[in-house]
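Some notes on the structure that comes next.
Read the numbers this way: they start at 1 and go in the same order the structure lists the ligands and their atoms.
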Amino acid sequence: MNQLSNRLNSLSPSATLAMSQKSAELKAQGVDVINLSVGEPDFNTPDHIKEAAKRAIDDNYSRYSPVPGYPDLRNAIVKKLKNENGLDFTAAQISCGNGAKQCVCNAVLVLVNPGDEVIVPAPYWVSYTEMVKLAEGTPVIVHAGIEQDFKITPAQLEAAITPKSKALILCSPSNPTGSVYSKEELAGLAAVLAKHPQVFVIADEIYEHINYVGKHESIAQFAEIRDRVVIINGVSKAYAMTGWRIGFVAGAEWIVKAVNKLQGQYTSGPCSVSQKAAEAAYNGPQEPVEEMRQAFERRRDLIVKLTKEVPGLEVNVPDGAFYLFPKCSSFFGKSFGSRRINNADDLAMYLLEEGHVACVSGAAFGDPNCFRMSYATSDENIVEAIRRIKEALEKLK
Ligand code: PMP
Ligand code: GLU
């Protein structure tokens, strides 16, 4: 008998992590799989950050930290938000958590009541809808296809807002599409939100520094909605620190206090040593961030060029993050031997088993016509992966 809570039964497992696990299992069996499934920088954490962590261990940063994180780290984040984003926050408006993932979930859990609607533009990062469901809210999906560069318009946002709307979760640069909202596009969304004072914005800016069109634009810059924007960011992507697990929430003090109350009951402050490493990341030299960004941009150009040469795939040119999200629906209904491709899940499984390339089906991201490839990997892997994908897709008739 299934004795799990309804809450758990209604939750989907993380498709990104599941695909990565499947690819690791095949690799362990000796299959030469190229893993483009999970999205994390393939670089090592910069040395000065690692040194700061080693010092923190020697200096006995071994006890519980304050729940929202050490004041020194929060002050470093305050400085970052001012210098990089032109936004004024106090340390009391910052709460550090166990990665941006926990921080998004904290923001959702402190704002959303059962039955509240949360607007989630699709394609979306897999965890947003599940976090909303954990809070017993209702995800309201607003679709933006490849023909609109996967970005919602102000009119679509306006149409989705009801008296039950509590929040919008906006991710720019986006996982899984790499799309980046311009300042003008954000201003359009902000103008709609200004008319609906009950709607908060959870702005996931974790890919801020992986941007190929210039300066990052935050939706928090618009004064008329500023008090209702909760920024989520962290060190995972910018500083190649996914395993260190440090993210933060920046927002109105009453929201951050609630996040601290919640976090104080179920995880406490994040890892003490990682906090000292994150502080060094924010306060230290920023050159490594730019070097990694340039490498991602070069790889973006490479994977876009190669994927455009694959007949049957439709490709957008992502302006940020490290994902490509090609449309693959032209293959639906085609077969190779006994294997028929009915949807993007079938295609991702076919590419894994026939092409030995791990990607993630777009269905998990709310767009079942596409699939996601992470290009946070070497040029050689990118070239070989697209060669294999092309070969596997050519067999489908
Ligand atoms: N938001 C988005 C859009 C992401 O892609 C990720 C990475 N999984 C996260 C949040 C979580 O980041 P972190 O590793 O800091 O928890
Ligand atoms: N951001 C990564 C991804 O989307 C990490 C995996 C996850 O946390 O879901 O693949």
Side-chain angles (χ1 to χ4, degrees), residues 11-24 35-43 45 69 73 77 95-108 120-132 150 168-181 201-211 216 218 230-250 263 267 270-271 274-275 277-278 281-282 296 318 320-325 348 358-367 370-377:
L11 206 64
S12 310
S14 165
T16 46
L17 300 181
M19 202 61 178
S20 167
Q21 173 75 25
K22 190 154 173 64
S23 125
N35 187 1
L36 306 186
S37 65
V38 79
E40 64 174 336
D42 56 326
F43 299 106
T45 303
L73 173 57
I77 294 169
S95 179
C96 301
N98 187 29
K101 194 179 244 177
Q102 184 183 11
C103 294
V104 179
C105 201
N106 281 345
V108 169
V120 183
Y124 48 76
W125 180 44
V126 289
S127 297
Y128 296 151
T129 48
E130 304 313 300
M131 290 169 176
V132 172
F150 301 115
L168 160 72
I169 305 185
L170 192 72
C171 183
S172 178
S174 156
N175 177 3
T177 64
S179 297
V180 176
Y181 284 84
V201 184
I202 298 172
D204 185 344
E205 305 188 349
I206 192 75
Y207 295 98
E208 162 177 20
H209 287 290
I210 307 173
N211 180 325
H216 174 71
S218 174
V230 181
I231 293 178
I232 310 293
N233 206 331
V235 292
S236 296
K237 315 288 168 163
Y239 300 95
M241 292 176 70
T242 46
W244 298 77
R245 311 308 303 130
I246 299 291
F248 68 82
V249 176
Q263 189 161 283
T267 57
C271 169
S274 294
Q275 286 190 55
Y282 285 122
F296 288 131
F322 37 62
Y323 305 105
L324 191 65
F325 201 62
C359 306
V360 187
S361 161
F365 304 99
D367 190 333
C370 299
F371 68 101
R372 189 189 80 171
M373 297 188 277
S374 163
Y375 54 85
T377 187

Using a plain distance cutoff, I'd like to know if Gly39 has any nitrogen or oxygen under 3.5 Å from a nitrogen or oxygen of ligand 2.
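N/O-N/O distance under 3.5 Å: yes.
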With a heavy-atom distance limit of 4.0 Å, tell me whether [X] approaches ligand 2 through its side chain, its backbone, both, or neither.
X      : answer
Val38  : both
Asn175 : side chain
Tyr207 : side chain
Thr242 : neither
Tyr323 : side chain

Spell out, as yes or no, whether a donor-acceptor pair under 3.5 Å connects the side chain of [X] to the backbone of [Y].
X      : Y      : result
Thr177 : Phe150 : no
Ser374 : Gly39  : no
Lys237 : Ala321 : no
Glu40  : Ala376 : no
Asp367 : Gly362 : no

What orientation do Phe296 and Phe322 show, parallel under 30°, tilted 30 to 60°, or perpendicular over 60°?
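Aromatic pair Phe296/Phe322 classed tilted.
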Which atoms of ligand 1 are found less than 4.0 Å from any heavy atom of [X]?
X      : value
Gly99  : 15 (O), 16 (O)
Tyr128 : 3 (C)
Cys171 : 3 (C)

Side chain to side chain, Met19 and Cys359, heavy atoms closer than 4.5 Å
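Answer no - side chains too far apart.
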For the [atom1] atom of [X] and the [atom2] atom of [Y], what is their distance to the nearest 0.5 Å?
X      : Y      : atom1 : atom2 : result
Asn35  : Ser20  : CG    : OG    : 5.0 Å
Cys105 : Asn98  : SG    : CG    : 11.5 Å
Ser12  : Glu130 : OG    : CD    : 4.0 Å
Trp125 : Arg372 : CH2   : CZ    : 10.0 Å
Asn233 : Ile77  : CG    : CD1   : 8.5 Å

For ligand 1, does Arg245 get within less than 4.0 Å through its side chain, its backbone, both, or neither, judged by non-hydrogen atoms?
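The part of Arg245 near ligand 1 is the side chain, not the backbone.
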With backbone taken as N, CA, C and O and side chain as the heavy atoms from C-beta onward, which portion of Ala100 lies under 4.0 Å from ligand 1: side chain, backbone, both, or neither?
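Ala100 to ligand 1: contacts from backbone and side chain alike.
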Do you know which of Tyr375, Phe371, Tyr207, Phe365 makes ring-ring contact (aromatic ring centres under 6.0 Å, His included) with Tyr323?
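Running ring-ring contact (aromatic ring centres under 6.0 Å, His included) over Tyr375, Phe371, Tyr207, Phe365 with Tyr323 returns exactly one hit, Tyr207.
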By number and element, which atoms of ligand 2 are closer than 4.0 Å to a non-hydrogen atom of Ser14?
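Within the 4.0 Å cut-off of Ser14, ligand 2 contributes 9 (O).
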Provide the number and element of each atom of ligand 2 under 4.0 Å from a heavy atom of Leu17.
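Heavy-atom distances to Leu17 below 4.0 Å select 6 (C), 7 (C).
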Measuring from atom 10 (O) of ligand 2, which candidate in Lys237, Lys101, Arg372 has the nearest non-hydrogen atom?
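That would be Arg372.
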Judged by non-hydrogen atoms, does [X] sit under 4.0 Å from ligand 1?
X      : result
Asp204 : yes
Gly39  : no
Phe248 : no
Glu40  : no

Test your reading of the structure: does [X] have an N or O sitting under 3.5 Å from an N or O of ligand 1?
X      : answer
Ser236 : yes
Gln102 : no
Asn175 : yes

Provide, to 0.1 Å, the distance between [atom] and the closest protein heavy atom, together with that atom's residue and name.
atom                    : result
atom 7 (C) of ligand 1  : Lys237 NZ, 2.7 Å
atom 11 (C) of ligand 1 : Lys101 N, 3.5 Å
atom 8 (N) of ligand 1  : Trp125 CZ2, 3.2 Å
atom 9 (O) of ligand 2  : Thr16 OG1, 2.6 Å

Can you find a non-hydrogen atom of Ser127 under 4.0 Å from ligand 2?
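It does not; every heavy atom stays at 4.0 Å or beyond.
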For His209 versus Ala238, what's the shortest heavy-atom pair and its separation?
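That would be CD2-CB, 3.7 Å.
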Grab the two heavy atoms, one from Pro121 and one from Ile169, that are nearest each other, plus how far apart they are.
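What the structure gives for the nearest pair is CD-O, 3.1 Å.
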